[in-house]
Q: 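Once you've had a glance at the structure underneath, I'll fire off some questions.
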Amino acid sequence: MISEEQNHAAAGCGQTMSEDKPVISGLSDPDVRDVAITPAEIKDRAPEGGRTGGLFPCADLSGFIKNLNEIIFIVDEKRRITAASDAALGLLGIDDLSGSVHAIDDYMPKVYIDAITQRVKEYDAKGMKLTFPVKKHGGGEVLLEARFNWFSSEEKNYLTISCRDINDLMKMMSDISEREDRYRTIFRESPLGFIHINSDGYITDCNNAFLDIFKLGKFELLGVCIAEDNDLDIYPRFKKAAMDAVVGISSSHESKFASSGGAGEGWVRVSFSPVISENRAFLGAVGIVEDITEAKTAVDRISFVSSHDVLTGLYNRRACEEAIRIYDRQEYLPLGIIYADLNCLKLANDAFGHEEGDILLKTAADILLDNTGSAGEAYRWGGDEFILILKNTSALGVKSCVNRIGNSCENWPAHGFIAPSISLGSAVKLYNDQKLDDIIKEAEDMMYSSKLRSGNETRARILGSLEATLHGMEDGLMGRRARRMMLWGEWVIENIDPDCDHKILMDLCRFHDVGMLAHPEEIAAVCGGPREGGVADPMNHMAVGCRIARCIAEIAPAADYILSHHEWWDGMGYPNQQRGSEIPLVSRIVSILDSLEGILSLNKTGAHRSLDDALDMIRASSGRQFDPVMTASLVSRLGAQRPKFLTDLEC
């Protein structure tokens, strides 16, 4: 391929001139390679001899040129090849110059010969160098680099063309160019950041990845001398590592950095190395930067998860076992142990779902962590159990910590339905010969003893907390409803004396709607009296209420009755479609009272109903929704003796 420079030269618009002697490259003798040779020197080096009658006047000179290993032509003014080396003749496929005339135009591009001839006429063509393709004997082309020299002999002008085959050179240069393009692409497009610093310490280049990592603009970097004071403050170790590389010291490190303008923080892995050429010349330094923020975060996360409980953020059992091994030493005595057990986690999970249980666990973890103090560490041992290790803490200090935890539970702001309650036991290792495992077992036993002693109080507090939350729903509506239901229960016991457990009846009147804590959307459905349709509305609060009651011993006997109080006499109720006497009597009674209360309570919303209207509605659902015998008994007694507490409802 002819380059633009070559075409330019061929058109007569430019030439390479040399004041020195032209160079014939590629001579086989290393001592004379790239040495300028003039025609006079060729004559001087040629054997002595006379002239011959050919196109070229000196046969001996022709013979000398012929035997050279280089590609050399001598051309006269008519562009005839008058002498040539064997290498040149072999290239062109010419056996002998004596038999016929060979014009140089037949072998070399005419445009180049024209350009040379023109310069010969107008200028001195000595030293001109051109690159052009020549048709090779046997097919194909060979790229030659030629130098031209003009000389005269016996009043005739001749042009010496000294050539060298540069195909291999061009291929090598092409390979170099491809490598440069490849490395340039790697440099520009690599996700790794690259920065180059020259031997004087100036930043000469960087790629886009480097700029993206540190949120910098290229104008902020290029031309900056890292040896001088400047505003470039990528991260603390950058300048030192770069300076070390400039003086020939390789280094590698990881560092935290803050991106330019405070846009964010991250981690990088950086390698700086000096750049040295094959001949050991120092060319500067290069830095390779990898953003490892995500990898570092992942490693930190893995490390955190391996030693922490993901839900609560406390140290986990594995970390606790390691801590027990580490702290079982003289230097940490006295060593306090507090064993903690979260109460009512099962209640939270069963009644309100594991989300509520998670809230309770995190609340307990916060309380323990807040009260452990600087000398202590909190661990989630497993499930609802926790261990606190208090280094260099006396029995008095351990007791103080236990008291702080108890006070925090009582005063902790509400998060979820169940207030936190934690049973605690403690023990202290005073002497080095005591086994720490025995101290932990002692603390655990103390915790279970405390749990048994305070069980009733704990359950009462939890039940009171649930009841207070329920009574506050719907702006206190559910509280007023529960209190009147208890009045209805007392009235039934006093006036009808049904054949049932009166305590269960009162517990059911008090807690039958406790499941509404988890399903407040169902409140409206139970505050309107008997259903007009033939099937009960599906609801979930009865099942939740049943699970809550089963977890609290004081109301556990009422659990199954809570589940059944929305069953219908005709079997179309919910949730188990019980029919007739399959429904417990207490549940049948509360079902009537619940609907009656719902009808009369509508007076508060403006839908005034008298007691007679309410009884008519109850009577209309007898045998379908309600037990007909109990309905008749209640309606009869209410018609004969109006309850005093009904005046509050303005019936």
Side-chain angles (χ1 to χ4, degrees), residues 300-301 303-324 326-327 332 334-349 352 354-429 439-440 443-444 446-448 450-451 454 457-459 461-462 464-466 468-469:
D300 291 345
R301 179 64 177 167
S303 176
F304 179 87
V305 170
S306 68
S307 61
H308 287 75
D309 174 59
V310 176
L311 176 64
T312 63
L314 300 182
Y315 289 114
N316 59 18
R317 181 167 186 151
R318 176 176 174 274
C320 186
E321 291 172 344
E322 180 67 14
I324 290 171
I326 293 173
Y327 296 142
Y332 298 111
L335 186 66
I337 300 294
I338 297 177
Y339 206 104
D341 183 87
L342 175 61
N343 298 316
C344 295
L345 179 60
K346 186 177 187 302
L347 169 62
N349 286 329
F352 302 105
H354 287 277
E355 183 177 351
E356 180 68 22
D358 290 347
I359 292 174
L360 192 59
L361 278 168
K362 287 187 281 189
T363 299
D366 290 342
I367 291 173
L368 295 174
L369 194 61
D370 287 350
N371 291 284
T372 299
S374 58
E377 294 173 353
Y379 302 84
R380 185 179 179 190
W381 186 245
D384 54 3
E385 295 180 342
F386 302 83
I387 289 179
L388 276 60
I389 300 178
L390 308 178
K391 296 166 287 185
N392 305 117
T393 304
S394 65
L396 186 61
V398 172
K399 183 178 180 181
S400 175
C401 181
V402 169
N403 291 336
R404 290 196 304 270
I405 293 171
N407 292 334
S408 293
C409 288
E410 293 180 2
N411 300 307
W412 195 261
H415 293 291
F417 296 111
I418 300 176
S421 173
I422 304 174
S423 296
L424 301 164
S426 63
V428 180
K429 178 176 179 176
I439 301 299
I440 294 173
E444 183 180 13
M446 292 288 290
M447 179 273 294
Y448 281 118
S450 174
K451 197 178 186 73
S454 62
E457 179 185 346
T458 298
R459 290 191 298 272
R461 190 165 72 85
I462 291 173
S465 172
L466 292 175
T469 303

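What you see below is based on every heavy atom in this structure, not just the backbone, and it leaves out hydrogens, waters and symmetry mates.
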Q: Can you check whether Leu390 reaches Thr372 side chain to side chain, under 4.5 Å on heavy atoms?
A: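 The answer is yes, as the side chains (C-beta and beyond) meet within the 4.5 Å cut-off.
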Q: I need the single residue from Asp370, Thr363, Leu369 that forms a side chain to side chain contact (heavy atoms under 4.5 Å, CB included) with Ile367. Which is it?
A: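 Output: one option passes, namely Thr363.
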Q: For a quick test of reading the model, state the closest non-hydrogen atom pair linking Pro420 to Cys409 and the distance between them.
A: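 Closest heavy-atom pair between Pro420 and Cys409: O-CB, 3.6 Å.
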Q: CG/Leu360 to CG/Asn349 distance, rounded to the nearest 0.5 angstrom?
A: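 Interatomic distance, Leu360 CG to Asn349 CG, rounded to 0.5 Å: 8.5 Å.
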Q: To the closest 0.5 Å, what do you measure between OG1 (Thr312) and CG (Leu361)?
A: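 Separation between the atoms: 7.5 Å.
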Q: So does Lys346 have more than 12 non-hydrogen atoms from other groups sitting under 6.0 Å from NZ?
A: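 No.
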Q: Please examine the side chains of Ile337 and Lys429, heavy atoms only from C-beta on, and report whether any two atoms are closer than 4.5 Å.
A: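 A side-chain contact is absent here, since even the closest heavy-atom pair is not under 4.5 Å.
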Q: Taking it one step at a time, do Arg461 and Glu457 satisfy salt bridge (charged side-chain N to carboxylate O under 4.0 Å, His left out)?
A: CA-CA 6 Å; Arg461 190 165 72 85; Glu457 179 185 346; over 6 Å; no
Q: At their closest point, which heavy atom of Arg380 faces which heavy atom of Leu314, and how far apart are they?
A: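 Where Arg380 meets Leu314 most closely, the heavy atoms are N-CB, 4.1 Å.
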Q: Is there a side-chain contact between Ile359 and Phe352 in this structure, where contact means two heavy atoms from C-beta onward sitting under 4.5 Å apart?
A: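 Not in contact.
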Q: In Å and rounded to the nearest 0.5 Å, what is the CG to CG distance from Asp358 to Leu345?
A: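 If I round to the nearest 0.5 Å, the distance is 8.5 Å.
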Q: Any idea which heavy atoms bring Thr458 and Ser421 closest together, and the distance?
A: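 In this case the closest contact between Thr458 and Ser421 is CG2-OG, 3.0 Å.
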Q: Determine whether the side chains of Ser400 and Arg404 contain a donor N or O and an acceptor N or O closer than 3.5 Å.
A: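 Checked: Ser400/Arg404 side chains pair up, N/O donor to acceptor below 3.5 Å.
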Q: Say you draw a straight line from CH2 of Trp381 to CD1 of Ile440; how long is it, rounded to the nearest 0.5 Å?
A: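 That separation rounds to 6.0 Å.
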Q: Tell me, do Val310 and Arg301 make a side-chain contact under 4.5 Å, heavy atoms counted?
A: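 SC-SC contact between Val310 and Arg301 confirmed.
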Q: Using a cut-off of 6.0 Å, state whether more than 12 heavy atoms not belonging to Met446 lie near its atom CE.
A: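 Counting neighbours around CE of Met446, 12 or fewer heavy atoms of other residues, nucleotides or ligands fall under 6.0 Å, so no.
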Q: Counting N and O atoms only, with roles assigned by atom type, does the side chain of Thr393 sit under 3.5 Å from a partner on the main chain of Lys391, one being a donor and the other an acceptor?
A: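 Checked: pair present.
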Q: With distance as the sole test, does Asn316 use its side chain to make a donor-acceptor pair with the main-chain N or O of Ser306 at under 3.5 Å?
A: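 Yes, the answer is positive, given that a donor and an acceptor are paired below the 3.5 Å cut-off.
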Q: Tell me whether Glu321 is salt-bridged to Arg317, with the criterion being a basic N under 4.0 Å from an acidic carboxylate O.
A: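 Looking at Arg317 together with Glu321, the answer is yes, because their closest N to O distance falls below 4.0 Å.
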Q: Search all heavy atoms of Ser465 against all heavy atoms of Phe417 and return the closest pair with its distance.
A: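 Nearest pair, atom of Ser465 first, then Phe417: OG-O, 3.9 Å.
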Q: Counting neighbours of CG on Leu396 that are heavy atoms of other residues, nucleotides or ligands and sit closer than 6.0 Å, is the number greater than 12?
A: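 No, because the 6.0 Å sphere around CG of Leu396 holds 12 heavy atoms or fewer from other groups.
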Q: Hey, could you give me the CG/CG distance between Asn343 and Asp384, rounded to the nearest 0.5 Å?
A: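 Reported value, rounded in 0.5 Å steps: 8.0 Å.
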Q: With distance as the sole criterion, is a donor-acceptor pair present between the side chains of Asp341 and Ser423 under 3.5 Å?
A: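 There is no such pair between these side chains.
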Q: Taking all non-hydrogen atoms of both residues into account, name the closest pair between Asn371 and Ser408 and its distance.
A: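 Scanning both residues, the minimum pair turns out to be ND2-OG, 3.1 Å.
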Q: Do you know which two heavy atoms are closest between Ile418 and Cys344, and how far apart they sit?
A: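 Looking at all heavy atoms of both residues, the closest pair is CD1-O, 4.3 Å.
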Q: Mind checking whether Tyr327 and Tyr332 have parallel, tilted or perpendicular rings, split at 30° and 60°?
A: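 Perpendicular: the ring planes of Tyr327 and Tyr332 meet at over 60°.
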Q: If you round to the nearest 0.5 Å, how far is CG of Leu424 from CZ of Phe386?
A: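 Reported to 0.5 Å precision, the distance equals 11.0 Å.
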Q: Are side-chain heavy atoms of Leu368 and Ile422 found at a separation under 4.5 Å?
A: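 Leu368 reaches Ile422 side chain to side chain.
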